[in-house]
Amino acid sequence: MTTLIIIVAAIFTNNILLASFLGMCSFLACSAKIETALGLGAAVIFVMTCTTAINYGIYYGVLVENAPLLKTDLTYLQFIIFIAVIAAFVQFVEMFVERFSPALYHALGIFLPLITVNCAILGASLFMIIRRYSLAQSVGFGFGGGVGWALAITLMAGLRQKMGYSHIPKPFQGVAIIMIITGVMAMAFMGFAGMVSIQ
Amino acid sequence: MDSIAAFFTENSAAIRDSIITFGGILVGLSIVLIVAEKLLINYGICEIDINAQEKVLEVDGGQTLLSALYENKVFIPAACGGQGSCGHCKITVLEGGGPVLPTETPHLGRKEVRAGVRLACQVKVRENILIRVPEELLNVKLFTSTVAGTRSLTYDIKEISFSLIEPAEISHRPGQYVQIQAPSSDGPVFRAYSISSPTYEKNSVELNVRLVPNGIGSTYLHNLEEGDEAIFTGPYGEFRLNEDPSVEIICVGGGCGMAPMKNIIYSIYDQWPDRSCWLFFGCRTTKDVFYLDELNQLSRKHPNFHVVYALSDPLPPGETWDGETGFIHLSADKYLEEGVRRQAFLCGPPPMIEAATRVLKEKGIAPDDIFYDKF
């Protein structure tokens with residue numbers, strides 16, 4: 001039950017992009033077309049779900065004090081190891097996408113490897129430690145966080161495609177209007193706040 | 001010093017564990033990636049079938065079609081060196097190329113996409129592939145040569161001639177070009193240059209090269225000295241001279257657009273001494289004029305050959321010029337009469353070509369009989 005709540009919360013009330021403003025770089029850069037946004041969103045969902053699971057295993061299996069594999073407290077290594085795991089995993093996803101969907105691979109271009117430094121991915125792994133989630137909860141949070149991020153970028157891509165037909169005042173053109181819309185979207189998502197809540 | 005040593009002895013277990021853990025995890029991740037690479041990137045041996053079994057190549061999968069063909073001595077023109085920016089390496093993929101990639105769409109028209117035209121530098125060989133390559137490209141060879149001589153034609157244009165070593169002979173049509181291999185910081189690149197030596201000179205290739213500031217190819221070529229080795233592929237190009245001697249030939253060129261013109265003119269008069277031919281050559285100032293004496297000499301020998309040079313900039317005081325002035329298309333408009341069967345070859349900067357094409361069409365030349373090369 002709590003896992004389900006965490007998933008829903010990660011998508012709506014605690015959306016990693018709109019509530020924590022993590023993962024903005026690729027959000028701004030890859031939200032021009034719905035297709036690309038969906039592709040990147042799917043990649044983020046996949047990477048986030050899997051890396052939270054792997055990182056959970058490494059953190060509680062090796063790094064914490066009196067862990068089953070190693071007694072020493074190595075939690076200070078969490079940042080560098082989480083990043084290494086994410087980097088390796090993104091490499092794996094890259095090979096996978098190139099093999100099975102070359103068109104998507106070329107559409108995502110540089111942003112696929114850039115998921116490595118997408119702070120939302122590392123953020124999900126760190127939140128799971130701070131909030132002391134169980135394995136199921138962590139994976140749920142990773143999955144929900146990914147879906148939330150994908151939802152936000154897809155909504156933004158839809159808005160930007162519509163925006164092509166509107167007259168934007170010159171000072172607001174480009175990234176400026178996207179930041180403003182992101183802010184408005186974040187406020188709109190606050191309307192979900194009463195639904196469920198986590199920390 | 002002591003305190004540092006003491007720190008290490010006290011924490012030796014923690015340091016050891018950190019190193020083992022960190023190292024272990026990195027090694028583990030690397031192994032996973034290597035295995036994944038073996039499974040995902042390895043496509044095994046793939047077959048490339050050219051022109052329905054005319055030539056079947058077996059290549060390692062995973063590389064681009066362009067490099068796979070290059071390895072097997074099928075030289076597709078690619079001026080940008082396979083970055084997908086020049087769009088020269090178009091070939092028809094009938095089967096097994098995967099979907100058209102976003103990097104290719106800017107270079108392909110709707111008709112071409114429907115016909116299966118792709119950029120060879122972007123298509124990766126992942127399975128058996130069926131392609132169609134123009135017969136001519138299969139005849140393209142890789143030449144090694146040495147520089148036989150260089151000569152400055154103007155302040156920025158050099159004439160460079162190469163004598164062929166292997167293969168020792170080249171057979172090309174007038175107006176075709178070769179691709180010179182020039183070294184760059186990102187490995188060798190290819191740059192296209194028209195052959196300026198006539199087709200009957202089979203053992204050498206001569207080029208006219210304008211020095212482009214910071215240009216990779218032209219800087220390399222301008223720095224070549226006699227005896228240096230050079231590698232190029234060729235011949236390429238769609239210029240096709242009409243073999244009917246009653247058809248008049250019109251050449252319009254500017255700058256190093258002289259190269260194909262010189263080739264065409266000398267080749268024509270070797271074969272048809274009485275054929276009618278006009279050369280219109282546009283320059284800015286007298287400093288840009290070259291080959292004028294040689295060509296005037298040729299026109300004295302062949303009365304049906306007419307040379308017109310025009311200067312577009314006003315003449316500075318103290319210089320004399322007895323040729324035409326103004327843009328070159330105006331001279332063409334002035335000299336050419338309507339209603340003659342003609343074929344035209346244009347080579348020069350885009351505005352010149354557009355203006356000249358307009359004039360030539362007014363004179364009644366069919367668009368199919370106008371060949372041009374913009375640069």
Side-chain angles (χ1 to χ4, degrees), chain A residues 30 32-33 35-36 39 50-51 54-113 116 125, chain B residues 10-44 46 61-65 82-85 93 96-108 113 118-119 121-127 129:
Chain A
C30 266
K33 272 168 70 185
E35 264 172 45
T36 325
C50 297
T51 51
I54 300 170
N55 284 340
Y56 183 93
I58 290 176
Y59 188 82
Y60 290 105
V62 183
L63 298 185
V64 287
E65 204 166 4
N66 293 322
L69 289 177
L70 211 68
K71 300 291 164 215
T72 334
D73 177 17
L74 294 175
T75 46
Y76 67 90
L77 279 177
Q78 59 174 317
F79 296 97
I80 195 162
I81 283 177
F82 286 178
I83 279 288
V85 168
I86 292 167
F89 199 76
V90 169
Q91 282 281 305
F92 176 75
V93 173
E94 211 186 328
M95 285 187 237
F96 194 82
V97 174
E98 190 185 358
R99 171 101 208 209
F100 294 105
S101 175
L104 179 63
Y105 177 77
H106 281 268
L108 293 178
I110 183 67
F111 292 103
L112 194 53
T116 309
S125 286
Chain B
E10 261 171 47
N11 295 296
S12 65
I15 291 167
R16 188 198 60 213
D17 286 352
S18 309
I19 293 171
I20 290 173
T21 314
F22 189 55
I25 286 174
L26 286 190
V27 169
L29 290 173
S30 312
I31 291 171
V32 170
L33 280 184
I34 289 167
V35 171
E37 201 179 336
K38 273 270 174 307
L39 293 178
L40 288 176
I41 303 294
N42 186 5
Y43 298 92
C46 299
Q63 55 185 333
T64 65
L65 194 49
Q83 297 166 355
S85 62
V93 178
V100 175
L101 304 172
T103 41
E104 295 173 83
T105 40
H107 299 287
L108 302 177
V113 171
R118 305 286 304 270
L119 295 188
C121 67
Q122 299 300 311
V123 177
K124 281 204 173 162
V125 184
R126 295 196 163 91
E127 53 195 319
I129 273 187

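Residue numbers begin at 1 in each chain, while the letters A, B, ... track the order of the sequences. Side-chain atoms are counted along with the backbone in the values below, which use heavy atoms only and exclude waters and symmetry mates.
- Contacts between A:I54 and chain B at a heavy-atom distance below 4.5 Å are absent for every atom of the residue.
- Minimum heavy-atom separation, A:P68 to A:Y60: CD-O, 3.4 Å.
- Side-chain atoms of B:R126 do not come within 3.5 Å of backbone N or O of B:G96 as any donor-acceptor pair.
- Contacts of B:T103 with chain A are made by side-chain atoms alone, with heavy-atom separations under 4.5 Å and no backbone atom involved.
- The CD1 atom of A:I81 lies 5.0 Å from the CG atom of A:L63; values are rounded to the nearest 0.5 Å.
- Within a 6.0 Å radius of CD1 in A:I80, other residues, nucleotides and ligands contribute 12 heavy atoms or fewer.
- Under the side chain to side chain contact (heavy atoms under 4.5 Å, CB included) rule, B:V35 has a single partner from B:V32, B:L39, B:L33, which is B:L39.
- The stretch residues 20-30 of chain B places B:T21, B:F22, B:I25, B:L26, B:L29 near chain A, each with some heavy atom under 4.5 Å from a heavy atom of that chain.
- Considering every non-hydrogen atom in both B:E104 and B:L119, the closest pair reads OE1-N, 2.9 Å.
- Using a 4.5 Å cut-off between heavy atoms, B:L101 touches chain A through its side chain atoms alone.
- A donor and an acceptor atom, one from each side chain of A:Y59 and A:S125, are nowhere located under 3.5 Å apart.
- Note: B:E37 CD to A:M95 CE = 5.0 Å, rounded to the nearest 0.5 Å.
- Contact of A:F96 with chain B is made through backbone and side chain together, with heavy-atom distances under 4.5 Å.
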